[in-house]
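Values below: all heavy atoms of this structure, side chains included; hydrogens, waters and symmetry mates excluded. Naming convention: chains lettered A, B, ... in sequence-line order (proteins, then strands); numbering from 1 in each chain.
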Number of protein chains: 2
Amino acid sequence: MSETPSPKDKVGMICRALRRAIIEQALEPGAKLPEDSLGERFGVSRTIARHALGQLASEGLVELRRNRIAVVVTPSWQDARDIFDIRMELERLIVRKLAGKLKPVQIARLKDHVAAEQQAHDGPSAVSIRLATEFHILLASMTNSPVLVRYVSEIAYRCCLTLSLFSRPHSSECGISEHIAIIDALQDGNVEKAMTLMHAHLGEVANRALVEPSPARGRDLVDVLAPYAEETH
Amino acid sequence: MSETPSPKDKVGMICRALRRAIIEQALEPGAKLPEDSLGERFGVSRTIARHALGQLASEGLVELRRNRIAVVVTPSWQDARDIFDIRMELERLIVRKLAGKLKPVQIARLKDHVAAEQQAHDGPSAVSIRLATEFHILLASMTNSPVLVRYVSEIAYRCCLTLSLFSRPHSSECGISEHIAIIDALQDGNVEKAMTLMHAHLGEVANRALVEPSPARGRDLVDVLAPYAEETH
DNA sequence: GGCACCTCAATTGCATACACTTCACGTCAT
DNA sequence: ATGACGTGAAGTGTATGCAATTGAGGTGCC
C-alpha cells in the first residue's frame with residue numbers, strides 16, 4: 001500500500017530503497033536495522049525511519065521485536081512452503097484473469113521486461129532474481145486489482161528473500177524462457193495452458209528451496225545502503 | 001501482523017479496538033479518524049494513534065491521505081469483486097489444507113464458535129456479521145500458516161466492510177448452517193465436498209453485494225468509540 | 001443570491017527530548 | 001579459566017513542540 005511515488009513521501013522512498021536492498025540481498029536476512037542509523041543514512045529523523053520499518057514489517061520483510069533492533073526477516077522453511085502455496089493460488093488467479101485479455105501494448109511491455117531479464121542475465125544474480133520477481137508483479141499489475149497487486153508483490157518479494165536463503169548459489173537462470181512461454185499462452189488466450197505453465201514455473205522455482213541456509217553476516221549498514229540511498233532525493 | 005496480545009502493545013490494542021468498531025459498523029465507511037481525537041480517546045499520544053492508523057491502512061481498512069484526516073475506507077464495487085475473488089482462492093487453499101486433518105479439539109472449537117454465532121443471531125446484526133467473519137479467521141488459524149492467517153484476516157475484514165456497504169439490511173442469517181456443513185465435511189476429510197461447500201457459501205455471501213451503497217454519515221467519534229475503548233486498559 | 005477570495009482554527013508532517021529496556025563488556029568471586 | 005553480576009552505552013517507546021497544510025466559514029464583489 002501507499003505505493004504512490006509522490007516526491008514528498010519520504011517513508012515510501014525509504015521503504016522502496018530498503019525493499020530493493022533486501023531482495024537484492026545487499027541486506028541479508030538477520031541484518032540489523034537500527035532506526036537511528038537508517039534515519040541518518042536517509043537524512044530523516046528516527047520517526048520516519050520507524051514508520052518505514054513498520055511498513056516493511058507489515059509486508060513481512062522486516063521483523064519488529066519490542067525494544068529490540070529491527071532485523072531483516074529470516075523466513076523459516078515452513079514459512080517458505082506456506083508462502084509458495086499461497087503464491088501458486090494467487091498467480092493462478094492472475095493467469096485466469098489475464099488470459100486472452102491482454103492488449104498488445106501490455107504484451108509488449110511484458111516482452112520488454114523479459115528482454116531486460118535476458119540482458120541482466122550475465123550480471124549479478126541478485127539483479128536477475130529481482131527482475132524475475134518483478135516480472136510477476138508486472139503481470140499482477142495488469143489485472144487492475146490493487147489488492148491482488150499488493151498481495152502478489154508482498155509474496156513475491158518474500159519468495160525472493162526465501163530463495164536467497166535456501167537456493168543453490170547459481171540459480172540465476174530463473175526460467176526466463178518460461179516467462180516467455182507464459183506470455184505466449186496468455187496472448188493466445190489459452191487459460192489452461194497458461195495456468196499449467198505458471199504452475200510448473202513456480203513449482204520449478206519452489207523446488208530450489210531445498211538446501212541449507214546461509215548464516216547472516218553483519219556488514220556495515222552505511223556501506224551496504226550507499227547505492228540505494230541515491231534515488232531518495 | 002503484530003497480533004500478539006501483549007499488554008504493553010498499545011498500538012495493537014488500538015488497532016484491535018478500531019478494527020472491531022469498523023467491522024461492526026460503529027465506524028462507517030467514510031468516518032473521519034483524526035489522530036488527536038483517537039489519542040485522546042485511548043489515552044495515548046498522537047504518535048501512537050498515528051502508528052495504529054498506519055497499521056490499519058496497511059490492512060486496507062483505513063485510508064491515509066497526505067495532510068488530510070484519515071478515514072475508514074469506502075471500498076468500491078470493483079474492489080469488492082476483486083477481494084471476493086482472492087478470498088475464494090485462499091479459502092479453497094485453507095479447506096484443502098484442513099480437510100481430514102482437524103483434531104477433535106479443533107472441531108470442538110469450531111462448533112463452539114458456531115454456537116456463539118447462533119446465540120448472537122437475535123442480537124445486533126453487526127455482531128452476527130463479525131462472528132461470521134471470525135469463523136473464517138478461526139478456520140484459517142488452524143492451518144498454522146501465519147501468512148495465510150494474515151491475508152485471510154485482512155480480506156475477511158474487508159469483505160465484512162464491503163458487505164456492510166452493499167448488502168441488504170437484514171442479511172444477518174449469514175449461513176450459519178453452511179458453517180456447520182463445512183465443519184462436517186472437513187471432519188470427514190471430504191476435500192471436494194468441503195471445497196464445494198465453501199465455494200457456494202462464499203458465493204452466496206458475495207451475491208449479496210448487489211445493492212446501492214449507503215452514504216457515510218458523521219457521528220461523534222468519542223461517542224462511537226466509547227464501548228470499544230474499554231478493553232484497552 | 002451566488003461565487004471568488006481570504007483568513008484562521010484544526011490537523012497533519014516531522015523532529016526532538018526523555019524514560020525505560022536491552023545488551024555487551026568488564027569485574028569479581030570461585 | 002569460568003560464570004554470575006553489575007554497569008554503561010546503545011537503542012527503542014512515547015510524548016511533545018513547531019512548522020506546514022488544509023478546509024470551513026466569513027467577507028466582499030458581482
Side-chain angles (χ1 to χ4, degrees), chain A residues 1-2 4-18 27 30-58 62-73 216-222 225 229 232-233, chain B residues 1-2 4-18 27 30-58 62-73 216-222 225 229 232-233:
Chain A
M1 210 120 292
S2 73
T4 328
S6 149
K8 286 231 174 185
D9 184 7
K10 301 183 187 177
V11 174
M13 280 173 163
I14 297 181
C15 278
R16 276 190 294 278
L18 287 179
L27 288 171
K32 292 182 186 171
L33 302 169
E35 298 173 356
D36 300 332
S37 328
L38 245 44
E40 193 178 347
R41 192 69 192 85
F42 290 102
V44 297
S45 81
R46 226 165 41 88
T47 309
I48 308 300
R50 190 181 175 76
H51 260 77
L53 287 175
Q55 169 95 28
L56 293 174
S58 84
V62 159
E63 188 181 344
L64 242 38
R65 304 113 97 204
R66 189 173 181 85
N67 283 316
R68 315 265 309 269
I69 304 180
V71 296
V72 176
V73 292
R217 73 169 188 265
R219 283 170 63 191
D220 186 44
L221 187 67
V222 174
L225 284 180
T232 64
H233 24 250
Chain B
M1 209 119 293
S2 72
T4 328
S6 148
K8 286 231 173 183
D9 183 7
K10 301 184 187 176
V11 174
M13 280 171 162
I14 297 181
C15 279
R16 275 190 295 279
L18 287 179
L27 289 172
K32 291 181 187 172
L33 302 169
E35 299 173 359
D36 301 336
S37 328
L38 245 45
E40 193 179 347
R41 192 69 193 85
F42 290 103
V44 296
S45 80
R46 239 175 18 99
T47 309
I48 308 298
R50 192 180 174 77
H51 260 81
L53 287 174
Q55 169 95 31
L56 293 174
S58 83
V62 158
E63 188 180 346
L64 242 37
R65 305 113 96 203
R66 191 176 179 84
N67 282 317
R68 314 268 307 272
I69 303 182
V71 296
V72 176
V73 292
R217 73 168 188 266
R219 282 170 64 191
D220 185 44
L221 186 68
V222 174
L225 284 180
T232 63
H233 24 249

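- Put simply, the side chain of Val71(A) reaches to within 4.5 Å of the side chain of Arg65(A), judged on heavy atoms.
- Of the options Ile14(B), Leu64(B), Val11(B), a side chain to side chain contact (heavy atoms under 4.5 Å, CB included) to Leu53(B) is made by Leu64(B) and by none of the others.
- Partners of Arg50(B) by salt bridge (charged side-chain N to carboxylate O under 4.0 Å, His left out), not counting sequence neighbours, listed by chain and number: Glu35(B).
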Reading nucleotides 9-18 of chain D 5' to 3', which nucleotides get B (base under 4.0 Å from a protein heavy atom), which S (sugar-phosphate only), which -?
--SBBBBBB-
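- At a threshold of 4.5 Å between non-hydrogen side-chain atoms, the residues Leu18(B) and Val62(B) do not count as touching.
- Here Glu63(B) pairs with nothing under the side chain to side chain donor-acceptor pair (under 3.5 Å) rule; sequence neighbours left out.
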